[in-house]
Amino acid sequence: GADYRVAFFGAGGVGKSSIVQRFVNGTFSDNYVPTIEDTYQQVISCNQKNVCTLQITDTTGSHQFPAMQRLSVSKGHAFVLVYSVTSLQSYNELIPIVLMLQEVKGSALSDSPIMLVGNKKDEESRREVEYSKAEKLATKWGIGCIETSAKNNENITELFKKLLAMEKKRQLAL
Ligand code: GDP
Ligand code: MG
């Protein structure tokens, strides 16, 4: 198909919406606006001479709408799992999300590009999660990992580049 669907997951407040806004609009806001679910579209290149639509779903952080979360998973081609480096709790909250991905996607999950993202890397003095810890978990799960700052625009484009480069069925690029 011409659509490539990426879903963002993670606890409330880790910066999912900020990463997506930074990537899509190049903007950042200090105001916290809880999301229900929003979808954004970007045109990307596919198999060198074609284009396709990158559909980014910014999901709710809470477990309030499990049916909506599961629908985003079943429709999704790739996944971004976000925690904040300032919150060990937000990191631990990704474990049930991964279990849900495994349950909904089954064996197809091994074909899905997944990135583990430690956001708010600019808040070094408040850090609770070391990069080496995330790297170990990402290796165990067989997924990619990166630290970002939506605030300072660090590694946001790189996150999407790495994610798209993991897709084996088509050659995707920004
Ligand atoms: P979401 O609930 O995961 O969508 O989180 P938001 O994107 O709404 O961000 C939650 C709060 O964290 C907001 O006040 C943002 O301004 C702030 N925030 C998001 N990204 C960063 C970042 O990279 N660094 C810092 N310092 N704050 C951030
Ligand atoms: Mg949000």
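Note that the structure is predicted; figures quoted are calculated from it, not measured.
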Problem set entry | Cluster check Leu109, Ile143: I/L/V/M/F/W/Y, side chain < 4.5 angstrom | yes
Seminar exercise, completed: When every non-hydrogen atom of Ala150 is compared with those of Ile19, the smallest separation belongs to CB-N, 3.8 Å
Exercise. Mind checking whether Gln42 and Val24 have side chains closer than 4.5 Å, heavy atoms only?
Worked result: yes
Exercise. Just by distance, with hydrogens left out, do Thr59 and Thr57 show a side-chain donor and acceptor under 3.5 Å apart?
Worked result: no
Problem set entry | Residue pair Ile114, Val80: steps toward the side chain to side chain contact (heavy atoms under 4.5 Å, CB included) verdict | CA-CA 6 Å; Ile114 305 175; Val80 179; over 6 Å; no
In a table with atom names and distances, give each donor-acceptor pair under 3.5 Å that connects a side chain of residues 151-164 to protein atoms at least two apart or in another chain.
unit_1	atom_1	unit_2	atom_2	d
Glu154	OE1	Lys121	NZ	3.1
Asn155	ND2	Glu147	O	2.8
Lys162	NZ	Cys145	O	3.0

Exercise. Quick one: CD on Gln48 to CD on Gln171, what's the gap to the nearest 0.5 Å?
Worked result: 4.0 Å
Problem set entry | Beyond-backbone contact of Asp111 with Lys169, side-chain heavy atoms, under 4.5 angstrom | yes
For this session: Might you point out which heavy atoms bring Val73 and Lys105 nearest each other, and give the distance in Å?
Result: O-NZ, 2.8 Å
For this session: Give the intermediate values and the outcome of side chain to side chain contact (heavy atoms under 4.5 Å, CB included) for residues Arg170 and His77.
Result: CA-CA 11 Å; Arg170 3 182 178 171; His77 296 104; 3.5 Å; yes
Problem set entry | Approximate separation, where rounding is to 0.5 Å, of Ile95 CD1 and Leu81 CG | 11.0 Å
For this session: Decide whether Ser84 and Asn119 meet the rule of one side-chain donor and one side-chain acceptor closer than 3.5 Å.
Result: no
Exercise. Does the side chain of Tyr4 reach to within under 4.5 Å of the side chain of Pro113, using non-hydrogen atoms?
Worked result: yes
For this session: Give the minimum heavy-atom separation between Phe9 and Lys16, together with the two atoms involved.
Result: C-CD, 3.5 Å
Seminar exercise, completed: For Glu123 and Thr86 the tightest heavy-atom approach is CB-CG2, 3.6 Å
Exercise. Side-chain donor-acceptor pair under 3.5 Å between Gln55 and Asp3, yes or no?
Worked result: yes
Problem set entry | Validation row: Asn25, Phe23 side chains within 4.5 angstrom (heavy atoms) | no
Problem set entry | Sequence neighbours excluded, every pair satisfying ring pair (Phe, Tyr, Trp, His ring centres under 6.0 Å) that has a member inside residues 89-131 | Tyr83-Tyr91
For this session: Hey, could you give me the OG/CE distance between Ser112 and Met166, rounded to the nearest 0.5 Å?
Result: 9.5 Å
Seminar exercise, completed: When rounded to the nearest 0.5 Å, the distance separating CG of Leu101 from CH2 of Trp141 is 9.0 Å
Exercise. Do the side chains of Val51 and Ile44 get nearer than 4.5 Å, heavy atoms only?
Worked result: no
Exercise. Hey, are the side chains of Leu116 and Phe79 touching, using non-hydrogen atoms and a 4.5 Å cut-off?
Worked result: no
Exercise. What's the spacing between Arg5 CZ and Cys52 SG if we round to 0.5 Å?
Worked result: 10.5 Å
Exercise. Is there side-chain contact between Ile56 and Asp38, with at least one heavy-atom pair below 4.5 Å?
Worked result: no
Problem set entry | Which atom of Ser149 lies closest to which atom of Asp122, heavy atoms considered | OG-OD1, 2.8 Å
Exercise. Which distance, rounded to the nearest 0.5 Å, do you find between the CD of Glu93 and the CG of Leu88?
Worked result: 10.5 Å
For this session: I would like to know whether Ile146 and Met115 meet side chain to side chain contact (heavy atoms under 4.5 Å, CB included); could you show each step before the answer?
Result: CA-CA 7 Å; Ile146 196 167; Met115 286 294 289; 3.7 Å; yes
For this session: May I ask you to decide whether Arg127 forms a salt bridge with Glu124, counting only side-chain N to carboxylate O separations under 4.0 Å?
Result: yes
For this session: Kindly write out the residues that satisfy side chain to side chain donor-acceptor pair (under 3.5 Å) with Tyr40, not counting sequence neighbours, or none if the list is empty.
Result: Gln21
